[in-house]
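Structure, as structure tokens:
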Amino acid sequence: RVVAKLFSVSANAPKFLERYPDAKILYMARDPLSVIPSGLSLVTGVLDKKFGFWNKPEEDRKRFLSNLYKGLVQLLLRFESDWSSGKIDKSKVCIVRFDEMMTDFSKLMDNIIEFTDHENTQQLKEVIIETDKKQKNYISKHKYNLSKFGLSEQKIKNDCKKYYETFIS
């Protein structure tokens, strides 16, 4: 069994499933207000360390951030479109809602174990119970300033409206 965390599969799920017909995909559905700033922060952090991104001319930074933002939105909307249009075999994909992972990890893992036909050992059950306790008490320390990226909460909600309707609402 191969398990990989590949965000790129979300933009090519139909082709991936065509190429690997026995594959099963766990797709993390998370609020774009968390996903997008996190992705922007990750990429710009790496670029800043290596190339001094935040010291580059403002025009260059704005153009880059705009293009990166559009790409991140497109990743979300493309999966949503493929999902809603029936291009994705839904029996091969388990939608994992981030909020459910944080509030009811045990139930989510039961669903994933069933979906993947994985053996649920006593040792695994104990790890799940312990993780469930930790998840319920976890509070993220990540805070993102959307204006730093030239964004607003409303812009993200508008641009990702269909994704919200399908996976978040």
Next item on the list: For residues Ala29 and Ile95, report the shortest heavy-atom separation together with the two atoms involved.
Entry: CB-CG2, 3.9 Å
Checklist line | Minimal non-hydrogen separation, Asp22 against Lys92, with atom names | finding: CA-NZ, 4.2 Å
Notebook entry, point to check: Partners of Arg30 by side chain to side chain donor-acceptor pair (under 3.5 Å), sequence neighbours excluded?
Noted result: none
Checklist line | side chain to side chain donor-acceptor pair (under 3.5 Å) partners for Ser147, two or more places apart | finding: Asn145
Check: For the side chain of Ser41 and the backbone of Pro37, is there at least one donor-acceptor N/O pair under 3.5 Å apart?
Finding: no
Next item on the list: Could you list all the salt bridge (charged side-chain N to carboxylate O under 4.0 Å, His left out) pairs where at least one residue sits in residues 120-138, not counting sequence neighbours?
Entry: Asp132-Lys136
Checklist line | Any residue meeting side chain to side chain donor-acceptor pair (under 3.5 Å) with Gln123, in chain and number order, not counting sequence neighbours | finding: none
Check: Between Leu77 and Cys160, which heavy-atom pair has the shortest distance, and what is it?
Finding: CD2-CA, 4.2 Å
Check: Nearest heavy-atom pair of Glu18 and Pro21: which atoms, and what distance?
Finding: O-CD, 3.8 Å
Next item on the list: Identify, with sequence neighbours excluded, every residue that meets side-chain contact (heavy atoms from CB on, under 4.5 Å) alongside Glu58.
Entry: Arg61, Lys62
Check: Can you list every pair that meets side chain to side chain donor-acceptor pair (under 3.5 Å) and has a residue in residues 159-169, with sequence neighbours left out?
Finding: Tyr27-Tyr163, Asp31-Tyr164, Tyr69-Asp159, Glu80-Thr166, Lys155-Asp159, Lys161-Glu165
Notebook entry, point to check: Does Ser38 have any side-chain contact (heavy atoms from CB on, under 4.5 Å) partners at least two apart in sequence or in another chain, and if so, which?
Noted result: Tyr144
Check: Would Asp60 and Arg63 pass as an ion pair if we require N to O under 4.0 Å?
Finding: yes
Note to self: Phe16: which residues meet the ring-ring contact (aromatic ring centres under 6.0 Å, His included) condition with it, sequence neighbours left out?
What the structure shows: Tyr20
Next item on the list: Please name all residues satisfying side-chain contact (heavy atoms from CB on, under 4.5 Å) with Gln154, sequence neighbours left out, ordered by chain then number.
Entry: Ser152, Lys157, Asn158
Item checked: Pairs satisfying side chain to side chain donor-acceptor pair (under 3.5 Å), at least one member in residues 46-56, at least two apart -> none
Note to self: Applying side-chain contact (heavy atoms from CB on, under 4.5 Å), can you list everything that pairs with Asp99, at least two apart in sequence or on another chain?
What the structure shows: Arg97
Note to self: Suppose we screen for ring-ring contact (aromatic ring centres under 6.0 Å, His included). Which residues come up paired with Phe64, at least two apart in sequence or across chains?
What the structure shows: Phe53
